[in-house]
Amino acid sequence: MLSLDCSRVSPHLDSRAIDAASPLALEALRSLVRREGPGAGMLGWLDLPGTDARDAARMADWGKRVQDENDCLVVIGIGGSYLGARAAIEALPGEARFPVLFAGTNLSPEYHARLIETLAGKRFALCVISKSGATLEPAIALRLARNALAESAGARDASKRITAVTDRDTGILGATAAREGWQTFGIPRNVGGRFSVLSPVGLLPCAAAGIPVADVLEGARTELGRSTRIDASNDAVRYALARHLLHERGAAIEILSTFHPELASFAEWWKQLAGESEGKDGRGLFPASAVMTTDLHSLGQYLQEGSRRLLETFLVAAAPRADIVLDRAGADDDGLDYLAGRSLAEVNRCAFEGTREAHADGGLPVVTIEMPSITPDSLGGLFVFFEVAVAVSARLLGVNPFDQPGVEEYKSRMCRLLGKPQTP
Ligand code: PA5
């Protein structure tokens, strides 16, 4: 079960202020649960943890078949169409044993040239994920990867190795998939990209990697029950309130710091979730992240003594799933014998606790979110916890959490520069 510790937000924020504001946050949560308020038509993500067991089994079977017939899977998608899958796959190296590569996340010629080189001579399948079916980056990657697949598998076999995850009723990708006979999975119309990790968008790549999707969904269901309780002790609501009230008191940046490098991509998923949901109307915390202890040797100085317009949220796991105990050396020539018999988990824990104390003493408000261990079910719970918390704090901010009008700006300028024909 996740736990939240807001005791170190003081003196920047009094815990009584969180209590006093909780009726507002609970009202925001109530309106979400009742499917009301700004963006009410995009609340289908609240149903995803309850995905039918047969649908979960269908995704698991698909993953098994991909594993049996291929050396690797290439997932093509960008933004909400890949960040959740990558977060889960990297967070669960014990489960995710089958190679999954990601493409369509950039327009770099070097990256794509190397990808095509890597795929040469391999048996691979493609899973293209795009809700709109019209995003340039995955469309270009798909065109390149389809050619590579046709060369290695032959045109007829290639079609059997392509799966499309899209809104089946709109967009060019759904039409192409139907024409070419590709297998398809749908993205519910009422689920936006960054809230889609628990749909086939996130779960199919997980299934191919070897992650038990039923466990992810079970953890998500349990956490959904906790996070949607209309109760002032609800941790997702308290976290939403802490970050919202600190933002009102001048915090401009929230940095999500973890001591588990395997959560680095989870932080990238969270950055999109928070940034696209809240960064509107000149408002919202800028989401940043740090992976410790690596970044203590680059960002540590700033976090300790730089601008104090920061909130630091630590995301940690109590028990690692693998550990190493340090031996006593023959001659104590590295001066580390005082650590002999102690585990790396203990050393890492002391690094976390020491850092948290130092940063709080240095004047940063600090929040801690702790999970028991990084497992498929706890990860499912973590996705839901942050989705609910971000939706509530965006509603507190007075913005629609579920749109992203600003993302269109770069696209229209890029398309004009590329001379894309105007659609009538
Ligand atoms: O959260 C979002 O809606 C976006 O990040 C989209 O996921 C991203 O732009 C990709 O869009 P699409 O899935 O339509 O290709």
Side-chain angles (χ1 to χ4, degrees), residues 38-46 48 74-88 102-107 126-146 162-177 182 184-206 265-280 284 286-287 383-384 386-391 393-394 399-415 420 423:
M42 295 304 287
L43 286 164
W45 54 275
L46 286 164
L48 296 175
V74 182
V75 171
I76 298 175
I78 195 165
S81 288
Y82 94 105
L83 283 162
R86 195 183 68 178
F102 290 95
T105 66
N106 61 64
L107 292 167
L126 299 177
C127 180
V128 54
I129 307 177
S130 175
K131 184 172 182 201
S132 63
T135 309
L136 184 66
E137 291 88 338
I140 287 181
L142 178 61
R143 178 177 277 222
L144 298 172
R146 268 174 87 182
I162 304 179
T163 300
V165 184
T166 188
D167 183 334
R168 289 182 175 121
D169 303 327
T170 60
I172 193 166
L173 181 59
T176 308
W182 301 342
T184 58
F185 287 80
I187 305 176
R189 178 129 341 135
N190 61 357
V191 176
R194 60 189 171 277
F195 287 85
S196 67
V197 60
L198 297 172
S199 76
V201 171
L203 296 181
L204 281 181
C206 283
S265 286
F266 183 88
E268 297 303 316
W269 172 84
W270 170 84
K271 275 150 80 168
Q272 190 211 7
L273 181 76
E276 275 193 4
S277 301
E278 297 181 319
K280 290 158 201 173
F286 181 83
F383 283 128
V384 168
F386 280 112
E387 285 175 343
V388 173
V390 164
S393 62
V399 298
N400 176 355
F402 309 116
D403 65 0
Q404 54 284 329
V407 180
E408 291 312 310
E409 285 299 316
Y410 97 90
K411 288 187 191 167
S412 60
R413 284 166 173 76
M414 172 179 70
C415 290
K420 182 181 178 187
T423 38

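Counting convention: from 1, in listed order, for ligands and their atoms alike. In what follows, every heavy atom counts, from backbone to side chain, and hydrogens, waters and symmetry copies are set aside. All figures in this text were calculated on a predicted structure; none of them were measured in a lab.
- Every atom of ligand 1 is numbered from 1 in the order shown, and the set under 4.0 Å from a heavy atom of Ser130 is 12 (P), 13 (O), 14 (O), 15 (O).
- Comparing Arg194, Lys131, Gln272 by heavy-atom distance to atom 5 (O) of ligand 1, the nearest is Gln272.
- Of the protein's heavy atoms, Gly193 N, 3.4 Å lies nearest to atom 3 (O) of ligand 1.
- Looking only at heavy atoms of the protein, atom 9 (O) of ligand 1 is closest to Lys411 NZ, 4.4 Å.
- The protein non-hydrogen atom at the shortest distance from atom 14 (O) of ligand 1 is Ser132 OG, 2.6 Å.
- With hydrogens left out, the protein atom closest to atom 8 (C) of ligand 1 is Ile78 O, 3.6 Å, a heavy atom.
- Residue Gly133 places no N or O, backbone or side chain, under 3.5 Å from any N or O of ligand 1.
- Atom-to-atom distance recorded for Ile76:CD1 and Ile129:CD1 is 9.5 Å, nearest 0.5 angstrom.
- Protein heavy atom in closest approach to atom 2 (C) of ligand 1: Glu276 OE1, 3.5 Å.
- Applying side-chain hydrogen bond (donor to acceptor under 3.5 Å, both in side chains) to Arg194 and the options Gln272, Glu276, Glu387 leaves one that passes, Glu276.
- When side chains are defined from C-beta on, Leu83 does not count as touching Ser265, because their heavy atoms never get closer than 4.5 Å.
- Taking the six-membered ring for Trp and the full ring otherwise, the centers of Phe195 and Phe383 sit at least 6.0 Å from each other.
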Derivation of the side chain to side chain contact (heavy atoms under 4.5 Å, CB included) call for Ser132 and Asp167: CA-CA 7 Å; Ser132 63; Asp167 183 334; over 6 Å; no

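- Among protein heavy atoms, the minimum distance from atom 11 (O) of ligand 1 is reached at Thr135 OG1, 3.5 Å.
- Remark: Leu173 CG to Thr166 OG1 distance equals 4.5 Å, nearest 0.5 Å.
- Closest to atom 7 (O) of ligand 1, if we only count protein heavy atoms, is Gly80 N, 3.0 Å.
- Note on ring orientation: taking the six-membered ring where Trp is involved, the planes of Trp269 and Phe386 are perpendicular (angle over 60°, cut-offs 30° and 60°).
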